[in-house]
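Letters A, B, ... mirror the listed sequences (proteins, then strands); counts begin at 1. Just so we're clear, the structure is a prediction, and the values are computed from it rather than from any experiment.
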Amino acid sequence: MEISKVYDPAASESKWYQYWLDHQFFKSVPDEREPYTIVIPPPNVTGVLHMGHMLNNTIQDILVRKARMEGKNACWVPGVDHASIATEAKVVQKLRKEGIKKSDLSREDFLAHAWEWKNKHGGIILEQLKKLGASCDWDRETFTMDPEYSRSVIDTFIDLHKKGLIYRGKRMVNWDPSAKTAVSDEEVIHKEVNSSLYHVRYQIAGTTDEWVTIATTRPETILGDTAICVNPKDERYTHLHGKKAIVPLVNREIPIIADEYVDMEFGTGCLKVTPAHDVNDYDLGVKHNLEVIDVLNEDGTMSGAATLYIGEDRFDVRKKIAADLKASGHLVKQEPYNNKVGYSERTDVPIEPRISLQWFVKMQDFSKPALEHVMNDDVQFWPPKFKNSYRNWMENVKDWCISRQLWWGHRIPAFYYGPGENDFVIAVNEIEALQMARNNSGLDLQAADLRQDEDVLDTWFSSWLWPISVFNGFYNKEEVDYYYPTNDLVTAPEIMFFWVARMIIAGYEYRGEKPFKNVYYTGIVRDQQGRKMSKSLGNSPDPIELMKVYGADGVRAGMLFSSPAGNDLLFDEALCEQGRNFSNKIWNALRLVKSWEPEERSQPEVAALAIEWMDNRFSQVIEEISDHYSKFRMSDMLMTCYKFAWNDFCSWYLEAVKPAYGERIDHDTLAKVTAHFEKLLKLLHPILPFITEEMWHLLAERKTPAEALVVAPWPQANAVDHDFTEGFNRATDAITQLRNIRKQNNIPNKEPIEVYLRGDADSDVRFYPLFSRLVNVSAVHRNVDMPAQAFTFVTGAAEYAVPFGDTVDAEGQVDKIKEELIYTKGFLQSVQKKLSNERFAQNAPEKVLEIERKKESDAIAKIALLQEKLSAMGVIF
RNA sequence: GGGCGAUUAGCUCAGUUGGUUCAGAGCACCUGCCUUACAAGCAGGGGGUCGUAGGUUCGAAUCCUACAUCGCCCACCA
């Protein structure tokens, strides 16, 4: 059969992916086998494939494919997340382009648009994952707003509320003025910014020219000041206690209070207190019973309560008010200042602390089991260093704000029936709510009297149920009992708190069991300059384009070449090229083997040797790979495969068994080589699924789909004959040296050489056939007089000599031997010095002493050999 | 401000309990080869006082201390 000279990924990839789908190799149903389960970290429904997904899903696919080949019931559940903020923003944007404002739409109409958008554009990413080769069970595709999934979210809310773990309260929350919603602490990113520190003086009430100066970075909130605060120990201000100050511009009188909270060192030692717009000020306000004046609207403009600048944006007002304060003589000075400001992760606008009525989950006790089970490794983190920050967070966990002022998501099942803050019921639907409301209130309420909470739940309040709800585990035990707990979770450390921690919490709460055994944290994919790849920087290559150029297999390998667990990955397209080259290498190995025509003839010795060596090497490599897998060292796993395939399999093994030019191969050897090649393809399949499946079918005829590589049994390691492999290695070392002699002396490969040697082990004689095959040695003379005029080298205890030909630089040889002699003498000296050290002799373990003595005797022997050599060449040294 | 981690070849990184599997790998680089599987290749080669300074030890890339540089996470100093 003619095999094309170059592997064509495009044709092969679509062909085999369809083949795998057609024969349902990715499908999983519970059976008697051991399950192996991964749930995908659901990408945003709005998402498109980026390099982070590539890394993440390549790793998951490798794990799943290996488990499948190991005979486990492998199940990889795909799906997408409704991502309320991101999706709603996207839909709002799209509507705006069409000239429709969200505020002009009813909730129902908006949601209709959102669903339309979701059905049309959502989940592109899943189609892209198929290109990558992701072997997900697509029949299990889940969306976090599927009916059953939604039901589990609402039921969970109801359950936790019953348990007293969910409450509604007026709190200071992180307000995103762009998305006009509260966001959780985890969604706030603190950035260092250059701003100004404004020193503003307030007149003391009842005086004509007495002032107190405060320092602030946010002068626009002056309009909401309800106190000035000083430290009670601060003697500079003792005289002000109990007095009042006048807020500039609005001339409102506010009390001057004293509290330890104020840092006397900072600024002027006087703090303006704005309870509505700062967390600390809020706490102070509660403590000192201060008035709360909210001067900002939900979109970040000044509210009516501000009385000035109404409707203008907070940042415009900051500039204006500074100017106005200056004009009125209140601005004492303005100095540059660096501080940290919280930004919204989603919209990247500065977060506004804002008091509002929100829903919270009490986390303190609720999260305890999740901390314990990670610390004792019931849930194992890879790499384990992440346990530290996990503990840090979990020990200081705060209540989780779960309400969002959005429409896209799971609507909070709270129904209000009266004006009071507690006039509500939590119910699964309106009918039940009405019944409960009637009971609670004792009134004859009608459906129209009920008003459901306008807010939806934080997206993570649904994704934390993912490992349970993808199996419909709240309502049907069969599947969840089989697949849960899942095995490995592969995700980014960035969402350890958002998602991982909360899944563990939910897992123990609702299953009494961990959601997964291992969490593998991948690094962040960065560009060559170490910058995180992002759309806005435009430094992220399009994965789909990369796959077109290098093939999906090439890109998969490229992602893995540099991704140690938990370390960031500096992505370089050259790595994909390396992956592509690797594909090409094994492809050509196939072409070579397929070109061999067998015939009846005896097996050459060299082939028998190489085959035995390959058998042993496979066992070693399988062990090594298995160790890497067990520790999630994917990069090392790939590198082991890479070096084994390239160096051992192609460079040594195939070269050794390759029939001489024009000759045919014997049947036994071809059969063994084919079997070895199959084994190699199995080891490579999880990494390079497409090309290996293609080659698998080219290598031999496969009669039924059940014989496809994707479900072929994973190879097992056998006992290794170390004497044999070490002897073989000595022979290949010698071959390298002999090749070097050829090269340095321009002895062409076609010209046979003769080798003299002595001092090697008797058992190594069996490897001599390798010399003739691999460096064209025509004869090996053992234990005879060594030729005086020769190139020599010594490995271990064996001395090799290749007699000079006609034209040779004998001088150079002598220098080389001298150099080695000097080095060896120095080495001997250091060893002997160590051995003669009494304290070393007394303290070092016997094993180490033995090694040192062996070094000594080897060195002495080598020196003798070299000196003999020199005198034979007529040199006195 | 608190915590965690890192620093080994030009680059990206291995180096498991201190001792011949300790100074390694891949890429890049240099030299010679278009040798009919593969130039996306073959064969060979050079390259590091293991961040700095001390300490412990018979012995330190490995353990301890300080310092320097970088990164990450957490945190309400206006």
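The side chain of A:Arg739 has B:G44 as its nearest neighbour among B:U36, B:G44, B:A37. In this structure, of B:A37, B:A75, B:C76, it is B:A75 that holds the atom nearest to the side chain of A:Lys340. With B:G44, B:A37, B:C76 as the candidates, the nucleotide lying closest to the side chain of A:Asn740 is B:G44. Here B:A25 is the nucleotide among B:G44, B:A25, B:C38 with the atom lying nearest to any side-chain atom of A:Lys643. The listed nucleotides are B:A43, B:C73, B:C27; the one nearest the side chain of A:Ser389 is B:C73. Checked against B:A78, B:G44, B:C38, the side chain of A:Tyr337 finds its nearest nucleotide in B:A78. Taking the side chain of A:Tyr661 as heavy atoms from C-beta on, and the options B:G26, B:U36, B:C74, the nearest nucleotide is B:U36.
A:Trp646 comes within contact range of the sugar-phosphate backbone alone, with a heavy-atom separation under 4.0 Å but no base atom that close. Among the protein residues, A:Val273 comes within range of no part of the nucleic acid, since none of its heavy atoms lies under 4.0 Å from any strand. A:Asp263 comes within contact range of at least one nucleobase, with a heavy-atom separation under 4.0 Å. Among the heavy atoms of the strands, none lies under 4.0 Å from A:Ser595. Within 4.0 Å of A:Lys272, counting heavy atoms only, lies no atom of the nucleic acid at all. Using a 4.0 Å heavy-atom cutoff across all strands shown, A:Leu570 reaches sugar-phosphate atoms only and no base atom. As judged by a 4.0 angstrom heavy-atom cut-off over every strand, A:Gln737 is placed among residues making no nucleic acid contact. Contact annotation for A:Asn388: backbone-only contact, meaning every heavy-atom pair under 4.0 Å involves sugar-phosphate atoms and none involves a base. At the heavy-atom level, A:Ser651 lies under 4.0 Å from the strands shown only through sugar-phosphate atoms.
Pairing for B:A78 is absent, with no Watson-Crick or G-U wobble pair whose two atom distances lie under 3.5 Å. When both pairing distances are held under 3.5 Å, B:G10 makes a Watson-Crick or G-U pair with B:C27. In this entry B:G71 has B:C4 as its Watson-Crick or G-U wobble partner, both defining distances falling under 3.5 Å. Remark: B:U21 base-pairs with no nucleotide in the shown strands. Criterion, Watson-Crick or G-U wobble with two distances under 3.5 Å. The base-pairing partner of B:G41, taking Watson-Crick or G-U wobble contacts with both distances under 3.5 Å, is B:C33. Pairing partner, B:A53: B:U65, with both Watson-Crick or wobble hydrogen-bond distances short of 3.5 Å.
To the nearest whole angstrom, the two P atoms, one in B:U17 and one in B:A78, are 43 Å apart. Straight-line distance between the C1' atoms of B:A75 and B:G19: roughly 46 Å, to the nearest whole Å. Spacing of P atoms, B:G47 relative to B:C30, comes out at 16 Å, to the nearest Å. Taking the C1' atom of each, B:A23 and B:C67 are spaced 26 Å apart, rounded to whole Å. To the nearest whole angstrom, the two P atoms, one in B:U8 and one in B:U49, are 13 Å apart. When the C1' atom is used for both B:C22 and B:A14, the distance is 12 Å, rounded to whole Å. Comparing the same atom, P, in B:G3 and in B:A28 gives a spacing of 44 Å after rounding to whole Å. Rounded to a whole angstrom, the distance from the C1' atom of B:C70 to that of B:U52 is 15 Å.
Per the geometry, CE belonging to A:Met695 stands 15 Å off P belonging to B:C38, to the nearest Å. As rounded to whole Å, 12 Å separates atom C1' of B:U36 from atom CG of A:Asn588. Across the protein-nucleic acid pair, A:Asn647 atom CG and B:C42 atom C1' stand 12 Å apart, rounded to whole Å. Taking atom CZ of residue A:Arg633 and atom C1' of nucleotide B:G15, one finds them 9 Å apart after rounding to whole Å. Distance CD1 (A:Ile189) to P (B:C76): 15 Å, rounded to an integer number of Å. Distance OH (A:Tyr202) to C1' (B:A78): 11 Å, rounded to an integer number of Å. Atoms CG (A:Asp636) and P (B:G24) sit 18 Å apart, rounded to a whole Å. Rounded to an integer number of Å, the gap from A:Asp283 CG to B:A75 C1' is 15 Å.
Here A:Tyr521 and A:Phe386 bring their ring centres to under 6.0 angstrom of each other. A:His676 has its ring centre less than 6.0 Å from the ring centre of A:Tyr653. Ring centers of A:Phe561 and A:Tyr642: under 6.0 Å apart, within the cut-off. The distance between the ring centers of A:Tyr390 and A:Phe497 does not fall below 6.0 angstrom.
RNA chain B is contacted by A:Arg580, A:Asn581, A:Asn584, A:Lys585 of residues 579-587 of chain A, taking any non-hydrogen atom closer than 4.0 Å.
For A:Tyr7 and A:Val262, each mapped to the nucleotide of RNA chain B holding its nearest heavy atom, the one lying further toward the 5' end belongs to A:Tyr7. Between A:Lys750 and A:Ala574, the residue whose closest nucleotide on RNA chain B is further toward the 5' end is A:Ala574.
A sub-4.0 Å separation between OP1 or OP2 of B:G44 and a side-chain N or O of A:Thr736 is present. Contact between the side-chain N/O atoms of A:Tyr198 and the OP1/OP2 oxygens of B:A78 is not found at any separation under 4.0 Å.
Nearest heavy atoms, A:Ser389 versus A:Met496: OG-CE, 3.5 Å. Residues A:Tyr337 and A:Asn339 share a closest heavy-atom pair of CE2-CB, 3.6 Å.
For the pair A:Asp283 and A:Lys287, the salt-bridge criterion is not met [side-chain N within less than 4.0 Å of a carboxylate O].
Between the side chains of A:Tyr550 and A:Glu573, at least one donor N or O lies within less than 3.5 Å of an accepting N or O.
Between the side chain of A:Asp281 and the backbone N or O of A:Thr274 there is at least one donor-acceptor pair closer than 3.5 Å.
For A:Glu655 and B:A37, a side-chain-to-base donor-acceptor distance below 3.5 Å is present, hydrogens and geometry of angles not being considered.
Remark: A:Arg502 is positioned above the aromatic ring of A:Trp400, its terminal NZ or CZ atom under 6.0 angstrom from the ring centre and at most 45 degrees off the axis. Taking the ring centre of A:Tyr343 as origin, the terminal cationic atom of A:Lys191 falls inside the region bounded by 6.0 Å and 45° from the ring axis.
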